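These notes concern the structure reproduced below.
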Amino acid sequence: MDNKQIGRRTALKQLSTIGAGGAFLSSGLIPTSWGQSKTGKRPNILLIYSDDHARHAISAYGSKINQTPNLDRIAQEGAIFRNAFCANSICAPARATLLTGQHSHINGKKNNFDKLNPNYINFPSLLQESGYDTALVGKWHIPETPRGFDYWEILATGQGQYYNPDFKTADNSKQYEGYVTDITTDLALQWLDRRDEQENPFLLMVHHKAPHRTWMPSPKHLSLYDDVTIPEPDNLFDDYVTRTSAAPKHAMGIAEHLMMAYDLQCPMDESEKHYAAWKRFMERMTESQLAAWNAYFEPRNEAFRKANLQGEELTHWKYQRYIKNYLRCIASIDDNVGRILDYLEHQGLADNTIVIYTSDQGFYLGDHGWFDKRWMYEESLTCPLMMRWPAQVQSGTQIGELVQNIDFAPTFTDLANVSIPAEMQGESLLPLLRGEHPADWRESIYYRYYESPSEHIVPRHFGVRTERYKLIRYFEIDEWELFDLEKDPREMHNVYADPEYQEIGFKLKKELQRLQEYYKDTGP
C-alpha cells in the first residue's frame with residue numbers, strides 16, 4: 001500500500017462511539033505474492049453486474065424466499081461482503097460510480113438523465129492501457145459511448161428488452177432471438193472463446209438487464225414457484241408512523257402503484273397507464289414464445305378476474321404475482337452465472353480469475369409496502385457483493401467492513417497492478433480480501449439521492465450510515481430520520497426526536513458534515 005492510500009484511509013477514520021466497523025471475521029488467505037498467479041500473471045477480472053437485485057433475494061445472504069445455488073458458489077468458494085452499499089440508489093448513477101470510483105456529484109451523473117463529466121475517469125481504460133483485453137456486454141444505460149473496451153455489445157436502448165432484444169456495437173445493431181439473460185451470457189462466452197491473445201489477462205463486464213422492471217420471466221422459468229406461497233415481508237402494510245412526511249407520499253406501492261398489464265402481466269383495461277408499452281413487449285415475441293406465455297398466464301389471469309379481489313386480498317395477490325416474476329428473473333441469472341463458472345473451470349481459467357457478483361443497488365421486495373429503490377432505507381441501500389478467486393482468497397471468507405460501490409474502480413485498478421488515480425474517492429478492497437482488518441478503515445458511508453421530482457415521488461436526501469446507526473436528512477422539506485439498526489433493523493421507528501438519542505444524533509450530524517467536506521459535496 002502506498003502512502004497516498006494510507007493517508008486516504010486515515011482521513012476516513014471515524015469516532016468509535018458512532019459505531020465500530022469490521023465486526024465480522026474476514027479470513028482470507030494471505031499469499032506470498034498477492035495479486036499474481038504462480039506464473040506471475042495478473043488476474044483475469046470477470047464482473048457480473050445485475051440490475052435491481054436485492055441482497056435479500058440471494059440464499060447466501062439468508063433469503064427466505066428463494067434459492068440461488070450458483071450465486072452461492074461464489075460466496076462459498078470465495079468471499080461474501082456483509083456490509084456493501086451503493087452511494088446513490090438508481091441505475092445510471094450507480095453505473096457511473098462503478099466506472100469512476102467517484103460519488104455522483106463528482107462524476108456528474110446525479111440522475112438517469114445527466115451526462116457524465118467530460119473526460120470522466122474510467123477504470124476500463126486504465127486496464128486496457130496496461131495490457132488487459134477488455135470487453136463489455138449487456139446493459140449500459142449511459143448516453144456516452146463506452147470507452148476503454150476492445151469489444152462492446154450493449155442493449156440498444158437504455159433498459160433493453162427481455163425477449164428478442166436489440167443489441168448494438170460501434171458498427172451496427174442486431175436483434176437476437178431469445179431471452180436477454182441467456183443472450184448476454186452467450187455474448188460474453190463467445191468473446192472469451194475468440195480472444196486473439198490468450199496470454200493477456202482480461203477484464204470482462206457482464207451487465208444483466210434482469211431483474212429490472214417489468215419482470216418478464218424466461219420460458220424456462222414461467223411456472224417456477226407455482227406450488228408455493230412466497231412469504232410476505234412483515235411490513236408489507238407499513239403505515240409509516242414516526243417516519244417523516246416523505247414516506248407516505250411515495251408512488252411505489254405494491255397495493256397502489258403496480259400496473260396490471262405493465263407490471264403484473266395481467267391486462268385489464270387498455271386505458272391503463274403503460275398498456276401500450278406492455279403490448280409492444282408482447283409484439284416482440286415470436287409465435288412460440290407468445291404461445292408459451294399465454295398458455296401460462298391467461299388461465300391464471302382469468303381466474304383472478306373472476307375472483308374480483310378487493311382490499312388486502314388484492315394486495316396479497318399483487319405481491320405474489322410481483323415477487324414470483326421477480327424471482328423467476330433471478331433464477332435465470334443464477335443459471336447463467338453457473339454457465340460462466342463452469343466455463344472458467346472447463347477452460348482452466350478459474351484459478352486466476354476473480355469473479356465478482358454485485359448489483360447496481362438493492363430493491364424493495366414488498367418491504368415498507370414498496371417496489372423500486374431510491375430511498376436510503378436498507379433494502380435499496382445495501383448491495384450484494386461476492387468475490388471468488390481460488391488462487392488467492394480462501395473459501396468461506398466473511399467480510400464485515402463497510403464498503404461501497406465507489407470502491408470497485410480502485411479495487412479493479414489495484415488488481416491490475418495499476419496505480420490508483422487520486423481522483424478516485426473509494427478504497428481498494430484488496431486488504432480485506434487478504435484477510436487484513438485495517439485499523440483506519442472507514443466506519444461510516446455517505447449516501448445522496450438526487451432524482452426529484454420523479455415518478456415514484458422520492459424526495460432528495462442525503463445521509464450517513466455507521467455499523468449501528470443511520471441519519472437521513474430530507475433537506476427540501478427540512479426533516480430528519482434517525483434509526484438504531486441494532487434495535488430496529490427494519491427501520492420502523494424514527495428516533496430522531498427521542499431524547500435518548502440526542503447525543504448520537506449530534507455526533508452523526510458532525511460525521512455527516514465531515515463526510516460532505518471529505519468527499520467535496522458542497523451542493524445544496
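Everything numeric in this text was worked out from a predicted model, so none of it was measured.
When ring centroids are compared, W278 and F281 stay outside the 6.0 Å threshold. Aromatic ring centres of H207 and W140 lie farther apart than the 6.0 Å criterion allows. Aromatic rings of H257 and H250 (six-membered ring for Trp) have centroids within the 6.0 Å cut-off, being under it. Ring centroids of F412 and F123 are separated by less than 6.0 Å, placing the two rings close together.
Side chains of M285 and M216 form a contact here, defined as non-hydrogen atoms less than 4.5 Å apart. Proximity of I356 to R388: side-chain heavy atoms (C-beta onward) are nowhere separated by under 4.5 Å. The shortest side-chain heavy-atom distance between F304 and N301 does not fall under the 4.5 Å cut-off. Counting heavy atoms from C-beta on, the side chains of Y449 and S89 never come closer than 4.5 Å. Within the 4.5 Å cutoff, side-chain heavy atoms of L126 are placed close to those of P421. Residues T358 and F81 are not in side-chain contact: their nearest non-hydrogen atoms beyond the backbone lie 4.5 Å or more apart. For the pair L433/I354, a side-chain contact is recorded, criterion being any heavy-atom separation below 4.5 Å from C-beta on. A 4.5 Å side-chain heavy-atom check between E77 and Q394 finds every atom pair outside the cut-off.
One side chain, D193 or Y343, offers a donor N or O that lies under 3.5 Å from an acceptor on the other. If you check the side chains of H53 and Y357, you find a donor sitting under 3.5 Å from an acceptor. Remark: the D72 side chain and the S59 side chain contain an N/O donor-acceptor pair separated by less than 3.5 Å. Between the side chains of N107 and N117, no donor-acceptor pair is found at a separation under 3.5 Å. For the 3.5 Å distance criterion, the side chains of N70 and D335 fail to qualify, holding no donor opposite an acceptor. N88 and Q361 share no side-chain donor-acceptor pair at under 3.5 Å. Side-chain N/O atoms of Y49 and S359 include no donor and acceptor closer than 3.5 Å. Side-chain contact check for S332 and S218: no donor-acceptor pair (N or O, by modelled atom type) lies under 3.5 Å.
Side-chain atoms of S380 do not come within 3.5 Å of backbone N or O of M376 as any donor-acceptor pair. Without hydrogens or angle criteria, N83 side chain to G400 main chain gives a donor-acceptor distance under 3.5 Å. Without hydrogens or angle criteria, T134 side chain to G148 main chain gives a donor-acceptor distance under 3.5 Å. Put simply, the side chain of K64 never gets that close to the backbone of P233: no donor and acceptor are under 3.5 Å apart. Within the 3.5 Å criterion, the main-chain N or O of L116 finds a donor-acceptor partner in the side chain of E144. Looking only at distances, a side-chain donor or acceptor of R460 sits under 3.5 Å from a matching main-chain atom of Y450. Judged by distance alone, the side chain of N122 and the main-chain N or O of R147 form a donor-acceptor pair under 3.5 Å. Between the side chain of E272 and the main chain of A261, a donor-acceptor pair closer than 3.5 Å is present. With hydrogens and angles disregarded, no donor-acceptor distance shorter than 3.5 Å links the side chain of E298 to the backbone of A295.
At a threshold of 4.0 Å, the pair R465-E378 counts as salt-bridged, since one of the basic side-chain nitrogens sits closer than that to a carboxylate oxygen. With respect to K174 and E153, no salt bridge is recorded, no charged nitrogen being found less than 4.0 Å from a carboxylate O. We find that E345 and R73 are joined by a salt bridge, their nearest charged nitrogen and carboxylate oxygen being less than 4.0 Å apart.
When all heavy atoms of P43 and P201 are compared, the pair lying nearest together is O-CB, 4.0 Å. What you find for V393 and A79 is that their closest heavy atoms are CG1-CB, 4.0 Å. Nearest heavy-atom pair, R442 versus G426, reported as atom, atom and distance to 0.1 Å: NH2-CA, 4.3 Å. For the pair A94 and D360, the tightest heavy-atom approach, listed with the atom from each and the gap, is CB-O, 3.4 Å. Of all non-hydrogen atoms in I406 and P410, the two that sit nearest each other are O-CD, 3.3 Å. The minimum heavy-atom distance linking F297 with L222 is given by the pair CE1-CD2, 3.8 Å.
Annotation: cation-pi pair K209/Y162 present, NZ/CZ under 6.0 Å from the ring centroid and within 45° of its normal.
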Under the side chain to side chain contact (heavy atoms under 4.5 Å, CB included) criterion, do F371 and Y326 qualify, and how do the steps go?
-> CA-CA 10 Å; F371 64 96; Y326 177 93; over 6 Å; no
Apply salt bridge (charged side-chain N to carboxylate O under 4.0 Å, His left out) to D263 and R321, showing your working.
-> CA-CA 9 Å; D263 291 319; R321 174 59 66 92; over 6 Å; no
Carefully, step by step, assess N44 and N352 under the rule side chain to side chain donor-acceptor pair (under 3.5 Å).
-> CA-CA 6 Å; N44 304 311; N352 198 41; 5.9 Å; no
May I have the step-by-step check of side chain to side chain contact (heavy atoms under 4.5 Å, CB included) for Y176 and N164, ending in yes or no?
-> CA-CA 5 Å; Y176 290 93; N164 308 322; over 6 Å; no
Full working for salt bridge (charged side-chain N to carboxylate O under 4.0 Å, His left out) between D150 and R195 | CA-CA 10 Å; D150 303 318; R195 281 193 307 138; over 6 Å; no
Full working for salt bridge (charged side-chain N to carboxylate O under 4.0 Å, His left out) between D51 and R95 = CA-CA 10 Å; D51 193 313; R95 283 161 170 71; 3.3 Å; yes
Apply the test side chain to side chain contact (heavy atoms under 4.5 Å, CB included) to residues Q320 and I230: give CA-CA distance (whole Å), side-chain angles for both, the deciding distance (0.1 Å), then the verdict.
-> CA-CA 7 Å; Q320 291 297 320; I230 305 296; 3.7 Å; yes
Start with the C-alpha distance between E451 and R374, add both sets of side-chain angles, then the distance that settles salt bridge (charged side-chain N to carboxylate O under 4.0 Å, His left out), and finish with yes or no.
-> CA-CA 8 Å; E451 193 169 300; R374 303 167 194 266; 3.3 Å; yes
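Heavy atoms from other residues, nucleotides or ligands lying under 6.0 Å from CD of E283 number more than 12.
One finds the OG1 atom of T353 at 5.0 Å from the CG atom of L344 (value rounded to the nearest 0.5 Å). Between D133 atom CG and E199 atom CD the span is 11.0 Å, to the nearest 0.5 Å. Rounded to the nearest 0.5 angstrom, L71 CG and I333 CD1 are separated by 7.5 Å. Summarising the geometry, atom OG1 belonging to T184 is positioned 5.5 Å from atom CG belonging to L155; distances are rounded to the nearest 0.5 Å. With values rounded to the nearest 0.5 angstrom, H56 atom NE2 is found 10.0 Å from N66 atom CG. Here the CG-CG distance, from D407 to L429, works out to 5.0 Å after rounding to the nearest 0.5 Å.
D226 pairs by the salt bridge (Lys or Arg N to Asp or Glu O under 4.0 Å) definition with R300, R328, not counting sequence neighbours.
Only one option out of K139, R213, K373 pairs with D52 in a salt bridge (charged side-chain N to carboxylate O under 4.0 Å, His left out); it is K373.
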